[in-house]
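In this text the structure is predicted, and so the values were computed from the model without any measurement.
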Amino acid sequence: MDNQLIIEKNIKDFMKEKPYSIKMIKDEWFLIIFFGLLPAVFGIYNYITFPLFAITTVGMIVWGHKIIKNNIIQQFILYIGTSLLIVSIECLLGVFKVFSINRVMTLMEIFLILIIYITFMTIYSISYIRKVNQSNSKKNKSGLTFIFVAPLMGILVGRSLKDNISNDQAILLLGLISLILSILMGVGIKYIINHYYIKKYQIEMITEDSELC
């Protein structure tokens with residue numbers, strides 16, 4: 001099978017699993033505010049992070065309204081991918097804010113966290129590009145990953161509260177949870193990759209809302 005046909009088939013299969021709708025855009029607004037408000041308001045450099053959070057949130061809501069109002073369905077995938085990556089960065093910011101509660105982080109610690117994040121994002125991007133180009137591509141499992149990881153994080157937090165852990169242990173736990181969430185939300189990169197292929201091969205969008213068809 002021609003490589004372009006394989007890519008088109010895999011992208012269309014992905015869109016059938018996750019049809020894009022107005023509700024999905026509004027859900028992204030909630031995610032951006034929910035995960036970004038605390039890291040933006042509290043902790044060090046909040047006089048910088050809060051204005052950036054406010055500008056980003058308003059900008060994404062305006063962009064979303066424009067897509068909904070003008071039925072720009074071609075931008076759905078790009079919008080969802082951008083939103084998830086913003087949430088990912090918000091969670092990453094939360095990592096630095098949490099680890100800076102009691103002391104200033106060293107450059108080596110900051111560098112290490114960034115390396116971990118970039119490494120996971122690079123691996124995820126490369127593996128997804130390979131997946132899109134395979135004729136026997138398997139169904140997406142990122143949703144299942146979150147379903148399994150979320151309860152695990154809840155159990156860890158619950159046990160920590162029950163065991164009355166120290167402040168340092170609590171900070172470490174919250175920082176690791178924020179880092180895991182940041183990596184999980186990095187799933188937005190595959191939407192960006194899909195958008196690239198949709199634009200390149202002029203693939204027709206699949207929508208859920210009748211008013212967008």
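Shown here are the side chain to side chain contact (heavy atoms under 4.5 Å, CB included) partners of L52, two or more places apart in sequence or in another chain: I48.
To the nearest 0.5 Å, atom NE2 of residue H65 and atom CD1 of residue I22 are 10.5 Å apart. Distance check, rounded to the nearest 0.5 Å: CD1 of I192 to CG of L84 gives 9.0 Å. Rounding to the nearest 0.5 Å gives a distance of 8.5 Å between OH of Y196 and CD1 of I7. If you take CG on L174 and CD1 on I101, they are separated by 7.0 Å, rounding to the nearest 0.5 Å. Of the inter-residue distances, the one linking I180 atom CD1 with C91 atom SG reads 11.0 Å to the nearest 0.5 angstrom. In this structure, CD1 on I86 lies 8.0 Å from OG1 on T57, to the nearest 0.5 angstrom.
Residues M105 and F96 have side chains in contact (heavy-atom distance under 4.5 Å, counting atoms from C-beta outward). In this structure, the side chains of Y197 and V132 come closer than 4.5 Å at one or more pairs of heavy atoms. With contacts defined as side-chain heavy-atom distances shorter than 4.5 Å, the pair S83/I32 qualifies. In this structure, the side chains of M24 and Y79 stay at 4.5 Å or more apart for every pair of heavy atoms. Between F53 and P39, every side-chain heavy-atom pair lies at or beyond the 4.5 Å cut-off. Counting only heavy atoms from C-beta outward, the side chains of M185 and L92 never approach each other to under 4.5 Å. The closest side-chain heavy-atom distance from I72 to Q75 is below 4.5 Å. In this structure, the side chains of T82 and W63 come closer than 4.5 Å at one or more pairs of heavy atoms.
Nearest heavy atoms, I25 versus G64: CG2-CA, 3.9 Å.
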Trace of the ring pair (Phe, Tyr, Trp, His ring centres under 6.0 Å) decision for Y128 with Y191 = CA-CA 10 Å; Y128 188 73; Y191 289 85; 8.6 Å; no
In sequence, state the C-alpha distance, the side-chain angles, and the governing distance for I116 and L112, and then conclude on side-chain contact (heavy atoms from CB on, under 4.5 Å).
-> CA-CA 6 Å; I116 293 173; L112 178 60; 4.2 Å; yes
Could you walk me through whether S125 and K190 pass the side-chain hydrogen bond (donor to acceptor under 3.5 Å, both in side chains) test, one step at a time?
-> CA-CA 7 Å; S125 300; K190 73 179 181 181; over 6 Å; no
Passes side-chain contact (heavy atoms from CB on, under 4.5 Å), I77 versus K199? Steps please.
-> CA-CA 11 Å; I77 301 243; K199 293 287 289 184; over 6 Å; no
Output, in order, the C-alpha distance, side-chain angles, deciding distance and verdict of side-chain contact (heavy atoms from CB on, under 4.5 Å) for K12 and I203.
-> CA-CA 8 Å; K12 287 180 179 179; I203 302 173; 3.8 Å; yes
Under the side-chain contact (heavy atoms from CB on, under 4.5 Å) rule, what do Y124 and I183 come out as? Steps first, then yes or no, please.
-> CA-CA 10 Å; Y124 193 88; I183 293 170; over 6 Å; no
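A distance-only check finds a donor-acceptor pair linking the side chain of S182 to the backbone of S88 [under 3.5 Å]. Under a 3.5 Å cut-off, the side chain of N46 and the backbone N or O of A40 do not form any donor-acceptor pair.
Salt bridge annotation for E109-R103: present, with a cationic side-chain nitrogen under 4.0 angstrom from a carboxylate oxygen.
Note: Y47 and Y45 have perpendicular aromatic rings, judged against thresholds of 30 and 60 degrees for the angle between ring planes.
Residue F42 places its CZ atom among 12 or fewer non-hydrogen atoms of other residues, nucleotides or ligands, all under 6.0 Å distant. Residue N167 qualifies as open at atom CG: its count of foreign heavy atoms under 6.0 Å is 12 or below.
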